[in-house]
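In what follows, a single structure is set out as C-alpha cells and then discussed.
Predicted model, so just to flag it, every value in this text is computed and none were measured. Values below: every heavy atom of this structure, side chains too, minus hydrogens, waters and symmetry copies.
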Amino acid sequence: MEQNGKEIAHEFRFFRVYKDGQIEKFRTTQKIPPFDDPISGVRCKDVVISPEPEISARIFLPKIDEPNTKLPVLFHVHGGGFCFESAFSRPHHQYLTSLAAQAEAIVVSVEYGLFPDRPIPACYDDSWTGLQWVAAHVNGLGPEPWLNNHADFERVFIGGESAGGNISHTLAVRVGSIGLPGVVVVGMVLVHPYFGGTDDDKMWLYMCPTNTGLDDPRLKPAGEDLAKLGCKRMLVFVAEKDHLCDVGKGYYEELKKSGWGETLEILENQGEDHCFHMEDLTGDNAVALIKRFASFIKE
C-alpha cells in the first residue's frame, strides 16, 4: 500500500508508519496556557516536575474560602492513545476545571512523554514520577505551595480516560506493590479505559518495543496485580457505543474475581461513544458523568 507515493509499512488507528521509518500522526494537539476561571473561581498553573526527562503538570485549585482548608487530590492522567493529546489541551483544561470545582479537589494533571518521541514505557514511568512528586509534598516541604498548604494526603485519588485509565491502573499496581509513603490512595476512576482485547493491541505493541507480547501485564492486567491494587474504592465508566466498552467490562469482571475485595462500581453511558464527555461538557450524559466522578471523590 502507498500514500503520497511512499510505501506504508503499518497502519494503525492513530498513525501510519512508512517503510522509510517516517511516522504520520492522524491527529494534532493544540495546547493552551493556563488561566483562572472567573466563574467557578478555579485557579490554574503549570509546574515542572522533571527537566530531564521532561515531565510537567497542570494544577487546578478550586476556590478556597478558608486559608487552612485541606482538599482531596486527584492525580489525573490524560488519554490520547499514548501518542497524542495533552494535559495542556483546551478540552482537558475545560474538563478538569469543571471537575476540580465540582469535586472541590486539587487536580494535578501530568504531562507525560508520548510516542514516537518517547516510546512506551515512558508514559508509565513519567506518570509514576509525577505521582511521586505529588507525594513529596506530604510533610509540607515540597516545591509547590498549593500542595503544601492545601493537599489532604489521606484523600488522594488517581484517574484518567482511555490510555490514561490504563496508565492509572499501573500506578495503582505500583502503589499496592511498593507503597507511596505518607499517602492514602482512597480511590481510582477509570473512564472508558484501554486494555488489551481489540485490534488496537497491535498499535500498543508497536509503540512499546520492550513489550512481552499480548500477555504483557500493562496490556492484559494479571490477576495478582489486580488483587493488590493500592486503593480502597474503584469506579469504572464504559460507554455503550465505544469499541472499548467490552474491554472496560472485562476489566471490571476480572477485578471482581481477583480477590481485591474492595468497593467496586461500574456505570455505562448509554448511547454514547468513546470519551464523548471531552467533546461537549454541557450534554446531559457528560454533566452526569462529571457529577458522579466528583461525588466519588467527595464521598
Side-chain angles (χ1 to χ4, degrees), residues 10-15 25-27 29 75-87 89 91-92 95 109-116 118-128 158-174 188-222 225-226 229 231 234-255 258 264 266-269 272-279 289 293:
H10 305 283
E11 180 115 12
F12 302 112
R13 182 181 298 273
F14 297 130
F15 60 90
K25 289 188 181 183
F26 301 147
R27 302 193 186 192
T29 301
F75 185 80
H76 179 266
V77 190
H78 72 79
F82 308 95
C83 59
F84 70 100
E85 260 303 334
S86 168
S89 72
H92 279 97
Y95 166 54
S109 186
V110 64
E111 181 77 345
Y112 55 85
L114 298 174
F115 177 88
R118 299 189 58 226
I120 298 173
C123 55
Y124 299 109
D125 295 338
D126 290 0
S127 297
W128 177 243
I158 299 171
E161 290 75 33
S162 194
N166 175 285
I167 297 169
S168 294
H169 158 81
T170 69
L171 296 178
V173 171
R174 292 202 200 195
M188 181 160 65
V189 181
L190 306 184
V191 183
H192 312 157
Y194 166 76
F195 292 102
T198 71
D199 194 52
D200 290 338
D201 296 357
K202 299 173 186 176
M203 180 174 65
W204 187 93
L205 292 170
Y206 185 85
M207 291 187 287
C208 182
T210 57
N211 73 77
T212 58
L214 290 173
D215 287 328
D216 190 299
R218 296 162 295 185
L219 193 62
K220 182 181 179 182
D225 285 347
L226 291 169
L229 287 177
C231 59
M234 169 89 73
L235 173 60
V236 180
F237 288 96
V238 295
E240 181 185 15
K241 296 182 179 180
D242 185 2
H243 72 291
L244 296 179
C245 184
D246 288 343
V247 168
K249 290 179 178 178
Y251 177 88
Y252 169 81
E253 293 297 335
E254 289 299 316
L255 185 54
S258 72
L264 176 61
I266 188 168
L267 290 174
E268 183 168 350
N269 307 125
E272 299 290 0
D273 210 330
H274 188 67
C275 290
F276 68 95
H277 61 297
M278 300 297 298
E279 299 177 9
L289 186 155
F293 196 149

_Note, Pro217 side chain near Thr212 side chain (heavy atom, < 4.5 Å)_ = yes
*Starting at CZ of Phe276, measure out to CD of Glu240 and round the result to the nearest 0.5 Å.*
11.5 Å
*asked:* In this structure, is the centre-to-centre distance between the rings of Phe82 and Phe14 below 6.0 Å?
replied: no
_I'd like to know if the side chain of Asp216 reaches the main chain of Gly213, judged simply by a donor and an acceptor atom lying under 3.5 Å from each other, with no hydrogens or angles considered._
no
*Are Leu264 and Leu255 close enough that some pair of their side-chain heavy atoms sits under 4.5 Å apart?*
yes
*Taking Asn166 for the side chain and Phe195 for the main chain, is one N or O donor matched with an acceptor at less than 3.5 Å?*
no
_Check this for me: does any side-chain nitrogen of one of Glu268 and Lys249 sit under 4.0 Å from a carboxylate oxygen of the other?_
yes
*Hey, are the side chains of Asp242 and Val247 touching, using non-hydrogen atoms and a 4.5 Å cut-off?*
no
*Between atom CG of Leu244 and atom CG of Asp200, what is the distance when rounded to the nearest 0.5 Å?*
6.5 Å
*To the nearest 0.5 Å, what is the distance between CD (Glu272) and CD (Glu279)?*
9.5 Å
*How far apart are the closest heavy atoms of Leu219 and Leu205, and which atoms are they?*
CD2-CD2, 4.3 Å
*Measure the CE-CG distance between Met234 and Leu190 for me, rounded to the nearest 0.5 Å.*
5.0 Å
*Evaluate the side-chain proximity of Ser109 to His92: yes if any heavy-atom separation is below 4.5 Å, no if none is.*
no
*Which heavy atom of Ile167 sits nearest a heavy atom of Ser127, and at what distance?*
CG2-OG, 3.4 Å
*Take Asp201 and Tyr194, measure what side chain to side chain donor-acceptor pair (under 3.5 Å) needs, and give me the verdict at the end.*
CA-CA 10 Å; Asp201 296 357; Tyr194 166 76; 3.2 Å; yes
_Donor-acceptor pair, distance only, cut-off 3.5 Å: does the side chain of Ser162 make one with the backbone of Gly164?_
no
*In a check of side chain to side chain donor-acceptor pair (under 3.5 Å) between Asn269 and each of His274, His192, His277, which one passes?*
His192
*Roughly how far, to the nearest 0.5 Å, is the OH atom of Tyr252 from the CG atom of Leu235?*
10.5 Å
*Ring-ring centroid check His78 Tyr112, cutoff 6.0 Å*: yes
_Spacing of Met188 atom CE and Cys231 atom SG [to the nearest 0.5 Å]_ = 4.5 Å
*Salt-bridge test for Asp126 and Arg118: reply yes if a basic N is under 4.0 Å from a carboxylate O, no otherwise.*
yes
*Go through the steps for His10 and Phe15 under the test ring pair (Phe, Tyr, Trp, His ring centres under 6.0 Å), then give the verdict.*
CA-CA 9 Å; His10 305 283; Phe15 60 90; 9.2 Å; no
*Between Asp225 and Arg218, is there a salt bridge with N-O shorter than 4.0 Å?*
no
_If I compare all heavy atoms of Thr29 with all of Ser89, which pair ends up nearest, and what's the gap?_
CG2-CB, 4.2 Å
*Indicate the atoms forming the closest heavy-atom contact of Glu111 with Ala87, along with that distance.*
OE1-N, 2.7 Å
*What are the two closest non-hydrogen atoms of Met278 and Tyr95, and how far apart are they?*
SD-CD2, 3.5 Å
*Which word best sums up how the rings of Tyr206 and Phe12 line up, parallel for under 30°, tilted for 30 to 60°, or perpendicular for over 60°?*
tilted
*Which heavy atom of Pro193 sits nearest a heavy atom of Gly248, and at what distance?*
CG-CA, 4.3 Å
